[in-house]
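What follows is a set of notes on a single structure, which appears directly below.
A note on names: the letters A, B, ... follow the listed sequences, proteins ahead of strands, and every chain is numbered from 1.
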Amino acid sequence: MRQNFFQATLNLVKKIPVGQVSTYKIMATALGRPLAARAVGRALNKNPELIATPCHRVIKSNGEVGGYKKGKLMKKSLLKQEGIEFFGERVKDLDQYLFKFNLKK
DNA sequence: AGTAAGGCGGGCA
DNA sequence: GTGCCCGCCTTAC
């Protein structure tokens, strides 16, 4: 399932609705690996299609933007275009935009 | 096969 | 809030 993890990750990112975001942790959990947040980031970094796969909608669990292959500035810009606002390096009202997939809080 | 790296998380000083 | 370290997981060399 190693190779599949990569696929599953990209696939999962595509499920994030426009105007919403998720965190590496949540995604890792959704993938069955609550502790693989790092691996998720690794996968997204090697994301073949930056546009088709909205990896910019994935941020850190603490609300910070996190990183982006093309730079976090670009990431923030893309998110802003989707209606998400920022407060410095953090997403404003994170819980409001946070997409938790099928997970229950 | 071994090791380093990477868009992280959490705990503690 | 900041900084540091350790832990976790997968991918690349």
**OP:** Looking only at non-hydrogen atoms, find the nearest pair between A/Ala8 and A/Leu31 and report the distance.
**Re:** CB-CD2, 3.6 Å

Subject >> Same apolar cluster: A/Val58 and A/Leu98, side chain cutoff 4.5 Å >> reply: yes

Original post:
Residues from residues 52-59 of chain A sitting under 4.0 Å of DNA chain B, heavy atoms only?
Top reply: A/Cys55, A/Val58

Subject >> Set of side chain to side chain contact (heavy atoms under 4.5 Å, CB included) partners for A/Lys92, sequence neighbours left out >> reply: A/Glu85

**OP:** Measure the distance from OH on A/Tyr24 to P on C/dT11 and round it to the nearest whole Å.
**Re:** 17 Å

Please list, for nucleotides 10-13 of chain B, all pairs of protein and nucleotide N/O atoms separated by less than 3.5 Å.
residue, atom, partner, partner atom, Å
B/dG10, OP1, A/Lys25, NZ, 2.2
B/dG10, OP2, A/Ser61, OG, 3.3

**OP:** Figure out the CZ/C1' separation between A/Phe5 and B/dG6, and round it to whole Å.
**Re:** 13 Å

**OP:** From the options A/Thr29, A/Thr23, A/Asp95, select the one residue that forms a side chain to side chain contact (heavy atoms under 4.5 Å, CB included) with A/Lys100.
**Re:** A/Asp95

Original post:
Quick one: A/Asn4 CG to C/dC9 P, roughly how many Å, whole number?
Top reply: 17 Å

Subject >> Cluster check A/Met74, A/Val13: I/L/V/M/F/W/Y, side chain < 4.5 angstrom >> reply: no

Subject >> Distance, rounded to the nearest Å, where A/Lys60 contributes NZ and C/dT2 contributes C1' >> reply: 13 Å

Subject >> Shortest non-hydrogen contact between A/Ala52 and A/Pro54, atoms and distance >> reply: O-CD, 3.3 Å

Original post:
Reckon A/Lys72 touches a base, only the sugar-phosphate, or nothing at all at heavy-atom distances under 4.0 Å?
Top reply: nothing

Original post:
Are the side chain of A/Lys76 and the backbone of A/Gly88 linked by a donor-acceptor contact shorter than 3.5 Å?
Top reply: yes

Subject >> Consecutive Watson-Crick or G-U pairs in runs of at least 3, all under 3.5 Å, in which DNA chain C is involved >> reply: B:2-6 with C:9-13, B:8-13 with C:2-7

Original post:
Given that A/Pro34 and A/Ala39 both sit by DNA chain B, which one's nearest nucleotide is further toward the 5' end?
Top reply: A/Ala39

**OP:** May I ask whether A/Phe6 and A/Leu35 are part of the same hydrophobic cluster, defined by side-chain heavy atoms of I, L, V, M, F, W, Y residues being less than 4.5 angstrom apart, directly or through others?
**Re:** no

Original post:
What's the NZ-C1' distance between A/Lys69 and B/dG6, to the nearest Å?
Top reply: 12 Å

Original post:
In chain order, what residues pass the side chain to side chain donor-acceptor pair (under 3.5 Å) check against A/Asn62, with sequence neighbours excluded?
Top reply: A/Glu64

Under 3.5 Å, N/O pairs linking protein and nucleotides 4-7 of chain C:
residue, atom, partner, partner atom, Å
C/dG7, O6, A/Arg38, NH1, 2.5
C/dG7, O6, A/Arg38, NH2, 3.3
C/dG7, N1, A/Arg38, NH1, 3.2

**OP:** State which of B/dA5, B/dG9, C/dC9 makes the closest approach to the side chain of A/Arg42.
**Re:** B/dA5

Subject >> Minimum-distance nucleotide (side-chain atoms of A/Ala37 versus C/dT10, B/dC8, C/dG1) >> reply: B/dC8

Subject >> Between B/dC8 (C1') and A/Ile26 (CD1): distance, integer Å >> reply: 13 Å

Original post:
With no hydrogens and no angle check, is any side-chain donor or acceptor of A/Thr9 less than 3.5 Å from a backbone partner on A/Val40?
Top reply: no

Subject >> Side chain A/Asn47, main chain A/Cys55, donor-acceptor under 3.5 Å >> reply: no

Original post:
Within this structure, what is the CG-to-P distance between A/Leu94 and B/dG9, rounded to whole angstrom?
Top reply: 11 Å

Original post:
Going through the distances and angles, do A/Tyr24 and A/Lys60 end up as a side chain to side chain contact (heavy atoms under 4.5 Å, CB included)?
Top reply: CA-CA 6 Å; A/Tyr24 299 99; A/Lys60 290 194 181 184; 4.2 Å; yes

**OP:** Please lay out, stage by stage, how A/Tyr68 and A/Leu78 fare under the test side chain to side chain contact (heavy atoms under 4.5 Å, CB included).
**Re:** CA-CA 11 Å; A/Tyr68 191 57; A/Leu78 291 171; 3.6 Å; yes

**OP:** Specify the separation, in whole Å, of atom CG of A/Asn47 and atom P of C/dT10.
**Re:** 19 Å

**OP:** Classify the nucleic acid contact of A/Ala36 as base, sugar-phosphate or nothing, counting any heavy atom under 4.0 Å across all strands shown.
**Re:** sugar-phosphate

Original post:
Can you tell me if A/Lys72 uses its side chain to pair, donor with acceptor, with the backbone of A/Val65 under 3.5 Å?
Top reply: no

